[in-house]
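The structure under discussion appears below in the form of structure tokens.
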Amino acid sequence: MQRAIQAIGSHGSMLKSALLRHISAPNPAMLPAVHSRFMSVSSAQIEDSGFETATVADILKSKGKSADGSWLWCTTDDTVYDAVKSMTHHNVGALVVVKSGEDKAIAGIVTERDYLRKIIVQGRSSKSTKVGDIMTEENQLITVTPGTRALQAMQLMTEKRIRHIPVINGTEMVGMVSIGDTVRAVVSEHQEQLNRLNAYIQGSY
């Protein structure tokens with residue numbers, strides 16, 4: 001997965017540079033026919049409005065009802081037993097913890113390591129211990145905002161070796177995106193931009 005993500009980023013940069021060079025230095029034979037088009041839209045304008053503009057908010061919008069990632073979070077009042085059961089069911093190693101109530105304010109994160117160190121090793125009962133008693137505080141949580149670019153979110157998850165990341169707006173969790181979500185968004189955007197710039201070069205605009 002990491003090699004594929006690096007390839008996407010490299011492909012995007014190469015595509016961008018090649019197409020912008022093509023626009024900046026058009027074939028002289030084409031100048032009479034398309035001179036006004038090249039003069040009206042500069043390479044800088046194409047660059048500013050073009051590549052890697054998809055954001056996490058765009059991903060959440062496309063996911064619809066599944067965007068909240070509710071299967072990847074629990075509340076501070078849930079038992080550790082229920083939290084670990086959810087991790088096992090969904091094959092994840094951590095859950096985001098939100099404060100009980102309707103505001104979904106982030107409280108922290110609970111991981112398999114928290115369970116092992118604070119329940120198993122200490123001989124505590126997972127069925128009588130609340131998640132809020134063993135969770136890792138929120139300052140240890142890796143998050144993004146709706147305005148974070150999809151490519152940046154993808155790179156962050158790759159660097160931190162995580163598969164899901166919560167989306168925070170202020171103090172409220174508004175959704176969850178996966179590494180797969182960000183990869184699809186970046187690939188789709190690159191393809192759209194390739195099609196648009198190819199059409200531009202060929203005179204379809």
Side-chain angles (χ1 to χ4, degrees), residues 1-72 90-92 96 141-170 172-205:
M1 174 64 80
Q2 188 167 2
R3 288 184 178 179
I5 291 170
Q6 290 172 344
I8 290 170
S10 176
H11 172 74
S13 298
M14 291 172 62
L15 171 64
K16 179 178 180 179
S17 298
L19 287 172
L20 290 178
R21 283 198 302 270
H22 185 102
I23 293 171
S24 299
N27 187 333
M30 296 174 60
L31 286 176
V34 297
H35 178 72
S36 62
R37 182 178 295 115
F38 278 104
M39 292 299 291
S40 62
V41 181
S42 69
S43 62
Q45 289 173 317
I46 292 291
E47 183 173 8
D48 288 342
S49 62
F51 289 79
E52 294 153 5
T53 60
T55 64
V56 169
D58 296 325
I59 296 175
L60 293 179
K61 184 177 180 180
S62 68
K63 291 181 68 173
K65 292 183 179 180
S66 65
D68 65 353
S70 57
W71 51 277
L72 285 173
H90 296 294
N91 192 31
V92 294
V96 174
L141 188 62
I142 300 170
T143 66
V144 293
T145 69
T148 302
R149 291 190 177 186
L151 181 63
Q152 292 174 321
M154 181 180 74
Q155 292 171 333
L156 178 61
M157 283 188 275
T158 303
E159 292 169 2
K160 300 298 182 181
R161 299 182 180 276
I162 56 178
R163 292 180 293 172
H164 299 87
I165 195 165
V167 185
I168 308 299
N169 188 9
E172 180 182 355
M173 187 172 77
V174 296
M176 186 86 70
V177 295
S178 69
I179 186 71
D181 293 330
T182 59
V183 169
R184 283 189 292 271
V186 171
V187 170
S188 176
E189 185 175 29
H190 281 184
Q191 185 59 53
E192 290 174 1
Q193 289 159 348
L194 175 61
N195 293 340
R196 177 171 61 86
L197 289 172
N198 276 337
Y200 174 85
I201 291 169
Q202 294 169 11
S204 299
Y205 273 69

Practice task
First locate atom CZ of R149, then atom CD of Q155, and finally report the distance between them rounded to the nearest 0.5 Å.
Solution key: 11.0 Å
Exercise for the section: Could you go through the side chain to side chain contact (heavy atoms under 4.5 Å, CB included) check for V167 and M176 one step at a time? Expected result: CA-CA 5 Å; V167 185; M176 186 86 70; 5.8 Å; no
Practice task
Return the set of residues passing side-chain hydrogen bond (donor to acceptor under 3.5 Å, both in side chains) with N169 (not counting sequence neighbours), or none when no residue passes.
Solution key: none
Problem - Residue pair T55 / G147: nearest heavy atoms and the distance that separates them - result: CG2-O, 3.9 Å
Problem - Which residues share a side chain to side chain contact (heavy atoms under 4.5 Å, CB included) with A150, sequence neighbours left out - result: A54, I59, A185, V186
Problem - For H164 against S178, the heavy-atom pair lying closest together - result: CD2-CB, 3.6 Å
Problem - Atom pair OG1 (T182) and CG (L156), whose distance is rounded to the nearest 0.5 Å - result: 10.0 Å
Handout entry: Note, V96 side chain near P166 side chain (heavy atom, < 4.5 Å)
Key = yes
Problem - R163: salt bridge (charged side-chain N to carboxylate O under 4.0 Å, His left out) partners, not counting sequence neighbours - result: none
Problem - Short side-chain to backbone donor-acceptor contact, K63 and V177, under 3.5 Å - result: no
Practice task
With sequence neighbours left out, write down each residue that passes side-chain hydrogen bond (donor to acceptor under 3.5 Å, both in side chains) with T145, or none if nothing qualifies.
Solution key: T148
Completion exercise
One should read off an interatomic distance between I165 CD1 and I179 CD1, to the nearest 0.5 angstrom, of 9.0 Å
Problem - Minimum side-chain heavy-atom gap L60-V174 below 4.5 Å - result: yes
Practice task
Kindly compute the distance separating CE (M173) from CG (L72), expressed to the nearest 0.5 Å.
Solution key: 8.5 Å
Exercise for the section: To the nearest 0.5 angstrom, please state how far the CD atom of E189 sits from the CZ atom of R184. Expected result: 15.0 Å
